[in-house]
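What you see below is based on every heavy atom in this structure, not just the backbone, and it leaves out hydrogens, waters and symmetry mates.
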Amino acid sequence: MTTTTTEAQIRELGERWADAERRGDVALLDELSVDEFAMVGPAGFILDKPQWLHRYRAGDLVTHSLEWDELAVRDFGDTALVIGRHTQRAAYRGNPADGSFRATHIAVRRDGRWRLAGIHMSPIAGPPPSTAAQTREDLS
């Protein structure tokens, strides 16, 4: 299997995942992920697969929009690493959960198909105040 084919398959997995998140499709999210799936959320919390799916099953997480772009796919045979940007408008238990995150997806090939094994999200923020101040000083 070529990297190009793997990349196309991984991108398709990502599109299907994003669509399932937008629709709160628990059955599809379950199908797209391995039993050992784990997610590290933007505030550092860790969810196993049942906890991840429960947020949708219980109606706690509602995703209004989700874009998954700026993808860089790295193929390691039966494992692939995807670093991209995850931008969402969402609510968790009625509270806004909007944001833009740098996200790493880990996919594994099992029985000839790619499935999600993990997601790690970090908020995308501007430069730290000290960096911004230093940059202004450098320009003076």
Side-chain angles (χ1 to χ4, degrees):
M1 183 169 297
T2 66
T3 301
T4 303
T5 302
T6 297
E7 183 169 342
Q9 291 172 348
I10 295 299
R11 286 177 180 270
E12 180 185 350
L13 173 64
E15 289 171 15
R16 293 182 70 210
W17 159 79
D19 183 56
E21 288 261 359
R22 282 188 289 268
R23 294 184 295 110
D25 187 337
V26 175
L28 184 55
L29 290 169
D30 185 34
E31 176 188 324
L32 294 175
S33 57
V34 296
D35 290 341
E36 306 86 354
F37 174 89
M39 176 190 173
V40 177
F45 57 87
I46 300 171
L47 301 176
D48 63 17
K49 184 174 179 174
Q51 293 167 323
W52 178 59
L53 296 176
H54 180 75
R55 300 172 314 152
Y56 285 108
R57 200 173 274 128
D60 289 343
L61 181 63
V62 177
T63 302
H64 304 291
S65 67
L66 171 61
E67 296 299 322
W68 174 232
D69 59 9
E70 296 183 7
L71 305 180
V73 178
R74 295 188 179 124
D75 179 5
F76 297 99
D78 285 338
T79 303
L81 180 73
V82 185
I83 299 173
R85 183 179 61 180
H86 172 133
T87 306
Q88 71 180 29
R89 275 191 339 91
Y92 181 73
R93 294 184 175 168
N95 297 305
D98 302 343
S100 188
F101 309 94
R102 190 60 60 200
T104 302
H105 288 200
I106 302 158
V108 293
R109 186 176 17 228
R110 291 200 177 155
D111 301 321
R113 66 183 198 127
W114 288 100
R115 296 173 67 196
L116 284 172
I119 298 174
H120 185 273
M121 298 171 56
S122 298
I124 296 175
S130 61
T131 303
Q134 183 180 13
T135 302
R136 283 193 299 275
E137 289 173 11
D138 292 343
L139 294 175
S140 303

Going by ring pair (Phe, Tyr, Trp, His ring centres under 6.0 Å), W17 matches just one of W52, W68, F37. Which one? W68

Evaluation steps, side-chain contact (heavy atoms from CB on, under 4.5 Å), between S100 and R85: CA-CA 7 Å; S100 188; R85 183 179 61 180; 3.6 Å; yes

Roughly how far, to the nearest 0.5 Å, is CG of L53 from CG of D30? 5.5 Å

Side chain R22, main chain L66, donor-acceptor under 3.5 Å: yes

Any ion pair linking R110 and E36 (charged N to carboxylate O, less than 4.0 Å)? yes

Does M39 share a hydrophobic cluster with L28, counting links as ILVMFWY side-chain heavy atoms below 4.5 Å and allowing steps through other members? yes

Got a salt bridge between E70 and R102, using NZ or NE/NH1/NH2 to carboxylate O under 4.0 Å? yes

Flag, side chain of K49 to backbone of A38, donor-acceptor distance under 3.5 Å: no

Restricting to non-hydrogen atoms, name the atom on P123 and the atom on P42 that form the minimum distance, rounded to 0.1 Å. CD-O, 3.5 Å

D78: side chain to side chain donor-acceptor pair (under 3.5 Å) partners, not counting sequence neighbours: R109

Determine, stepwise, if the pair E31 / R16 fulfils salt bridge (charged side-chain N to carboxylate O under 4.0 Å, His left out). CA-CA 11 Å; E31 176 188 324; R16 293 182 70 210; 3.6 Å; yes

Does R115 form a side-chain contact (heavy atoms from CB on, under 4.5 Å) with S33? I'd like the steps, not just the answer. CA-CA 5 Å; R115 296 173 67 196; S33 57; 5.7 Å; no

What's the spacing between I106 CD1 and I119 CD1 if we round to 0.5 Å? 9.5 Å

For Q51 and L47, which heavy atoms make the closest approach, and how far apart are they? OE1-CA, 3.4 Å

Once you round to the nearest 0.5 Å, how far does CZ of R23 lie from OG1 of T63? 12.0 Å

Please indicate whether H54 has more than 12 foreign heavy atoms, meaning atoms of other residues, nucleotides or ligands, lying under 6.0 Å from its NE2. no

Whether the side chain of D98 engages the backbone of A90 through a donor-acceptor N/O pair (distance < 3.5 Å, no angle test) should be reported. yes

Test H86 against M121 for side-chain contact (heavy atoms from CB on, under 4.5 Å), laying out the working first. CA-CA 8 Å; H86 172 133; M121 298 171 56; 3.9 Å; yes

Between R57 (side chain) and V26 (backbone), is there a donor-acceptor pair under 3.5 Å? no

Minimum heavy-atom separation for L13 to L116, with atom names? CD2-N, 4.1 Å

If you take all heavy atoms of R11 and L71, which pair is closest and at what distance? NH2-O, 3.4 Å

In terms of hydrophobic clustering (I, L, V, M, F, W, Y; side-chain heavy atoms under 4.5 Å; direct or indirect links), are L32 and V40 co-clustered? no

Kindly compute the distance separating CG (D35) from CG (D48), expressed to the nearest 0.5 Å. 10.5 Å

Under a single-linkage definition using a 4.5 Å side-chain heavy-atom cutoff for Ile, Leu, Val, Met, Phe, Trp and Tyr, are Y92 and Y56 assigned to the same hydrophobic cluster? yes

Taking all heavy atoms of W114 and all of T6, pick out the closest pair and write down the distance. CZ2-CG2, 3.6 Å

In terms of side-chain geometry, is the basic nitrogen of E7 or R74 positioned less than 4.0 Å from the acidic oxygen of its partner? no

Do you reckon F101 sits in the same ILVMFWY cluster as L29, going by side-chain contacts under 4.5 Å, direct or chained? yes

Using modelled atom types only, decide if a donor and an acceptor are shared between the side chain of E67 and the backbone of Q88 within a distance under 3.5 Å. no

Closer than 4.0 angstrom, basic N to acidic O: yes or no for D60 and R55? no

